[in-house]
Colleague: 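Before we start, here is the structure in question, set down as structure tokens.
Bear in mind the structure is a predicted one, so any value in this text is a computation, not a measurement.
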Amino acid sequence: MPSINHRIYWSSIVQDSWQLFIARTENGLCYVSSPSGSFEEFTAYIKKQFPSATLEINDDFLAHYSQELTSYLKGSKQKFSLPIDVKGTPFQQQTWQALKEVPYGQTISYSEIANRVGRPSAVRAVATAIGANPLLITVPCHRVIGKNGTMTGYRGGLAFKRFLLDLEIQNSARN
């Protein structure tokens, strides 16, 4: 539970035509925005999840996260190594953990994730948990596609989802 003096540090990353807002607690990364997300959307999420926290810009405190995300977006990094601090229900946490186990450059269906979390009939609940993922890219919900192989919704937009999947597939083919 956040204390009165709890701080959330934030920064932004500009890569090509995208701007991502990122935030972290003392314990790790807690939010990555979509490239189309506004600053107001970003601050609303932080205030909802951490109501007593103070939001403070600190590029230095987030430099390693910015470097990892930028390296990923340039195609030179495949795994994230820095800690995360994500809030969610136990089911969301379980779903997000299953997403982190999907290999770079591969895709998975919502029903396959439901099976992995031991709830094969909870496909809609899995989709809702995936949609609530606050850590775009680092918790790779972009790797989830429809059972028939179609692109499905993504908080970052379908064009950004396609970019991320293409980037991973191209880099996987090179390695």
Colleague: When rounded to the nearest 0.5 angstrom, what distance separates CD in Glu68 from OG in Ser76?
Modeller: 10.5 Å
Colleague: Less than 4.5 Å apart, side chain to side chain, heavy atoms only: is that true for His142 and Leu165?
Modeller: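 SC-SC contact between His142 and Leu165 confirmed.
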Colleague: Got Thr25 and Ile8 here, is their nearest side-chain heavy-atom distance under 4.5 Å?
Modeller: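 Yes, side chains in contact.
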Colleague: Do Tyr154 and Leu164 come within less than 4.5 Å of each other through their side chains, counting heavy atoms only?
Modeller: yes
Colleague: In this structure, is the centre-to-centre distance between the rings of Tyr31 and Phe21 below 6.0 Å?
Modeller: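 No, the ring centres sit 6.0 Å or more apart.
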Colleague: Is any side-chain heavy atom of Tyr104 closer than 4.5 Å to a side-chain heavy atom of Lys77?
Modeller: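 They are not in side-chain contact.
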Colleague: Ile46 and Cys30: which non-hydrogen atoms are nearest, and at how many Å?
Modeller: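 What the structure gives for the nearest pair is CD1-SG, 4.3 Å.
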Colleague: Can you name the one residue among Arg143, Arg162, Lys161 that meets salt bridge (charged side-chain N to carboxylate O under 4.0 Å, His left out) with Glu168?
Modeller: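 Option passing the salt bridge (charged side-chain N to carboxylate O under 4.0 Å, His left out) with Glu168: Arg143.
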Colleague: Quiz question: by atom type and distance under 3.5 Å, do the side chains of Glu41 and Ser33 form a donor-acceptor pair?
Modeller: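 Looking only at side-chain atoms, Ser33 and Glu41 do not form any donor-acceptor pair under 3.5 Å.
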Colleague: Looking only at side-chain N and O atoms, does Ser109 offer a donor or acceptor that is under 3.5 Å from a partner on Glu112?
Modeller: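 Per modelled atom types, Glu112 and Ser109 side chains form a pair under 3.5 Å.
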Colleague: Mind listing the closest non-hydrogen atom pair of Ala98 and Val117 along with its distance?
Modeller: CB-CG1, 3.9 Å
Colleague: Could you report the tightest heavy-atom contact between Gly153 and Tyr110, atom names first, then the distance?
Modeller: O-OH, 3.9 Å
Colleague: Within 45 degrees of the ring normal and closer than 6.0 Å to the centroid, is that where the cationic atom of Lys100 sits relative to Phe80?
Modeller: no
Colleague: Say you draw a straight line from CD1 of Ile169 to OG1 of Thr107; how long is it, rounded to the nearest 0.5 Å?
Modeller: 7.0 Å
Colleague: Please tell me whether Glu101 and Gln97 have a donor and an acceptor in their side chains that are separated by less than 3.5 angstrom.
Modeller: yes
Colleague: Any side-chain heavy atom of Tyr65 sitting closer than 4.5 Å to one from Pro83?
Modeller: yes
Colleague: Would you say that Asp59 contacts Ser66 through its side chain, given a criterion of any heavy-atom pair below 4.5 Å between the two side chains?
Modeller: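 When only atoms from C-beta onward are counted, Ser66 and Asp59 do not touch, as no gap falls below 4.5 Å.
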Colleague: Are the side chain of Gln49 and the backbone of Gly88 linked by a donor-acceptor contact shorter than 3.5 Å?
Modeller: no
Colleague: To the nearest 0.5 Å, what is the distance between CD (Gln106) and OG (Ser172)?
Modeller: 7.5 Å
Colleague: Hey, what do you get for CD1 (Ile57) to OG (Ser11), rounding to the nearest 0.5 Å?
Modeller: 6.0 Å
Colleague: Please report the closest heavy-atom contact between Asn133 and Cys141, naming both atoms and the distance.
Modeller: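 Taking Asn133 first and Cys141 second, the nearest heavy atoms are ND2-SG, 3.2 Å.
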Colleague: Can you see which heavy atom on Asn171 is nearest to which on Gln78, and at what distance?
Modeller: O-NE2, 4.2 Å
Colleague: Let me confirm one number: the CD-CZ distance from Gln19 to Phe42, rounded to the nearest 0.5 Å.
Modeller: 10.5 Å
Colleague: List the residues meeting side-chain contact (heavy atoms from CB on, under 4.5 Å) with Ala129, not counting sequence neighbours, and say none if there are none.
Modeller: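 Partners of Ala129 by the side-chain contact (heavy atoms from CB on, under 4.5 Å) criterion, ordered by chain and then number, come out as Phe91, Gln92, Thr95.
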Colleague: If you apply the rule side-chain contact (heavy atoms from CB on, under 4.5 Å), what do you find for Ile113 with Val102, and how did you get there?
Modeller: CA-CA 9 Å; Ile113 291 289; Val102 178; 4.2 Å; yes
Colleague: Is the shortest heavy-atom distance from the side chain of Gln94 to the side chain of Arg116 under 4.5 Å?
Modeller: no
Colleague: Looking only at heavy atoms, what is the nearest atom pair of Leu135 and Val32, with distance?
Modeller: CD2-N, 4.0 Å
Colleague: Tell me, with the steps shown, if Leu29 and Leu82 meet side-chain contact (heavy atoms from CB on, under 4.5 Å).
Modeller: CA-CA 8 Å; Leu29 190 68; Leu82 296 169; over 6 Å; no
Colleague: Run the numbers on Tyr9 and Glu26 for side-chain contact (heavy atoms from CB on, under 4.5 Å), then give the verdict.
Modeller: CA-CA 8 Å; Tyr9 302 96; Glu26 292 287 339; 3.3 Å; yes
Colleague: Working note: Thr138 + Tyr72, criterion side-chain contact (heavy atoms from CB on, under 4.5 Å); need CA distance, chi angles, decisive distance, verdict.
Modeller: CA-CA 9 Å; Thr138 55; Tyr72 168 87; over 6 Å; no
Colleague: Does Val14 belong to the same Ile/Leu/Val/Met/Phe/Trp/Tyr cluster as Trp18, with side-chain heavy atoms less than 4.5 Å apart forming each link?
Modeller: no
Colleague: Distance check, rounded to the nearest 0.5 Å: Ile13 atom CD1 versus Thr70 atom OG1?
Modeller: 4.5 Å
Colleague: Do Leu73 and Phe163 touch side chain to side chain, with heavy atoms closer than 4.5 Å?
Modeller: yes
